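To find a chain, count down the sequence lines: A is the first, B the second, and so on, and within it residues start at 1. These numbers were taken from a predicted model, which means no experiment stands behind them.
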Number of protein chains: 2
Amino acid sequence: MNDSTTGSDSIQVQLKKGALELCVLALLSRKESYAYEISSTLAEAVGMGESTIYPLMRRMQKEGLVQFRLAETSTGPSRKYYTLTHAGRRRFEKQRSEWTNFMTAVNGIVGDSQ
Amino acid sequence: MNDSTTGSDSIQVQLKKGALELCVLALLSRKESYAYEISSTLAEAVGMGESTIYPLMRRMQKEGLVQFRLAETSTGPSRKYYTLTHAGRRRFEKQRSEWTNFMTAVNGIVGDSQ
DNA sequence: CAAGGTACCTTGCATTACAAGGTAAGTTGG
DNA sequence: CCAACTTACCTTGTAATGCAAGGTACCTTG
């Protein structure tokens with residue numbers, strides 16, 4: 001609200017902040033998951049580093065986009081399983097459409113060049 | 001030199017650095033232009049601010065991607081008309097294909113989520 | 001000569017992705 | 001039991017960079 005989030009609608013912000021956040025939101029919209037798994041998936045897909053995910057998850061939690069529960073495993077330390085909140089789902093839809101717009105704009109400039 | 005640029009091939013870097021650079025390269029691949037015009041075009045298309053273009057053009061020039069010539073006008077101060085160098089053209093092709101890959105990867109993650 | 005548009009540029013701030021490094025839980029082999 | 005390995009969590013410091021704010025200078029018009 002009101003968050004003076006700097007005018008968060010600028011596409012520029014989406015470019016930097018959005019693409020990774022968008023991917024995390026997309027993954028969580030399908031099933032709950034934990035940071036390590038998300039980062040492994042996104043490491044392959046878009047080259048995300050592991051040390052990027054933890055600050056990102058905390059930021060998203062702080063913004064109320066995700067929540068988590070702890071779960072034990074038989075394969076190592078316990079996991080924090082994250083799920084989207086309502087706000088997270090809304091954010092996902094918003095980011096997705098902004099991504100589409102951005103992509104279209106860039107493709108319009110790039111693809112056009114004969 | 002030569003890029004010790006940190007491992008510049010990571011797609012992550014392209015995400016931030018690439019999209020704007022890519023757009024500038026694309027515009028210049030079609031016709032020579034000057035910073036103010038480029039930034040006006042990209043302001044509309046992707047929300048780029050004017051104060052972003054000047055450092056960017058200097059960086060690109062320093063990397064040997066663009067060169068410029070001065071031209072007088074009858075409508076204001078003289079313009080620096082930029083054109084792509086050979087390296088700039090090569091970079092454009094490279095960035096363009098990385099953009100395509102990135103876009104495909106993100107769409108694979110995002111679009112899939114039905 | 002003042003106002004307004006064009007076109008150039010710099011400084012400082014905030015954001016953030018990542019490398020490097022660290023903690024801890026469980027498994028496997030000697 | 002202890003060392004090595006994997007999974008899984010996390011923190012700190014560095015470098016990059018987009019932008020707001022502010023500034024300079026040229027040219028035209030009234």
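One interatomic measurement links the two molecules: CD of Glu50(A) to P of dA20(C), which rounds to 13 Å at whole-angstrom precision. Going from atom OH of Tyr36(B) over to atom P of dC8(C) covers 9 Å, rounded to whole Å. When rounded to the nearest whole Å, the span between CE of Met60(A) and P of dA17(C) equals 12 Å. Atom pair Leu56(B):CG and dT10(C):C1' shows a separation of 16 Å (rounding to whole Å applied). Rounding to whole angstrom units, CD1 of residue Ile38(B) and P of dG18(D) are separated by 14 Å. Rounded to an integer number of Å, the gap from Arg59(A) CZ to dA17(C) C1' is 9 Å. To the nearest angstrom, C1' of dA19(C) lies 16 Å from CD1 of Ile53(A). Rounded to whole angstrom, the span from the CE atom of Met57(A) across to the P atom of dA8(D) amounts to 15 Å.
Taking 4.0 Å as the cut-off between side-chain N and carboxylate O, Glu21(B) and Arg91(B) count as a salt-bridged pair. Salt bridge Arg79(B)/Glu32(B): absent, no basic N to carboxylate O contact under 4.0 Å.
Between Arg58(B) and dC8(C) there is no side-chain N or O to OP1 or OP2 distance below 4.0 Å. Applying the 4.0 Å criterion to OP1 and OP2 of dC19(D), one finds that Thr52(B) has a side-chain N or O inside that range. In this structure, Tyr34(B) reaches the dA7(C) phosphate: one of its side-chain N or O atoms is under 4.0 Å from OP1 or OP2.
Remark on DNA chain C: of its neighbouring residues Tyr82(B) and Ser51(A), the 5'-side contact belongs to Tyr82(B), judged by nearest-heavy-atom nucleotide. Ranked by how close their nearest DNA chain D nucleotide is to the 5' end, Ala35(A) and Gly76(B) are led by Ala35(A).
With dA17(C), dT6(C), dC10(D) as the candidates, the nucleotide lying closest to the side chain of Tyr54(A) is dC10(D). The side chain of Pro55(B) sits closest to dT10(C) out of dT10(C), dC9(D), dA7(C). The side chain of Leu20(A) approaches dC18(C) more closely than any other nucleotide in the set dC19(D), dC18(C), dA7(C). Here the nucleotide nearest the side chain of Ser74(B), chosen from dT28(D), dC9(C), dC9(D), is dT28(D).
Not a single donor-acceptor contact under 3.5 angstrom links the side-chain atoms of Glu72(B) to the base of dC27(D).
Note: Tyr81(A) and Phe68(A) fail the aromatic proximity criterion, with ring centroids not under 6.0 Å apart.
Side-chain atoms of Gln61(B) and Gln67(B) form no donor-acceptor pair, as typed in the model, at a separation below 3.5 Å.
The pairing partner recorded for dG30(D) is dC1(C), the criterion being a Watson-Crick or G-U wobble arrangement whose two distances lie under 3.5 angstrom.
The side-chain tip of Lys80(A) does not point at the ring of Tyr34(A) from less than 6.0 angstrom away and within 45° of straight on.
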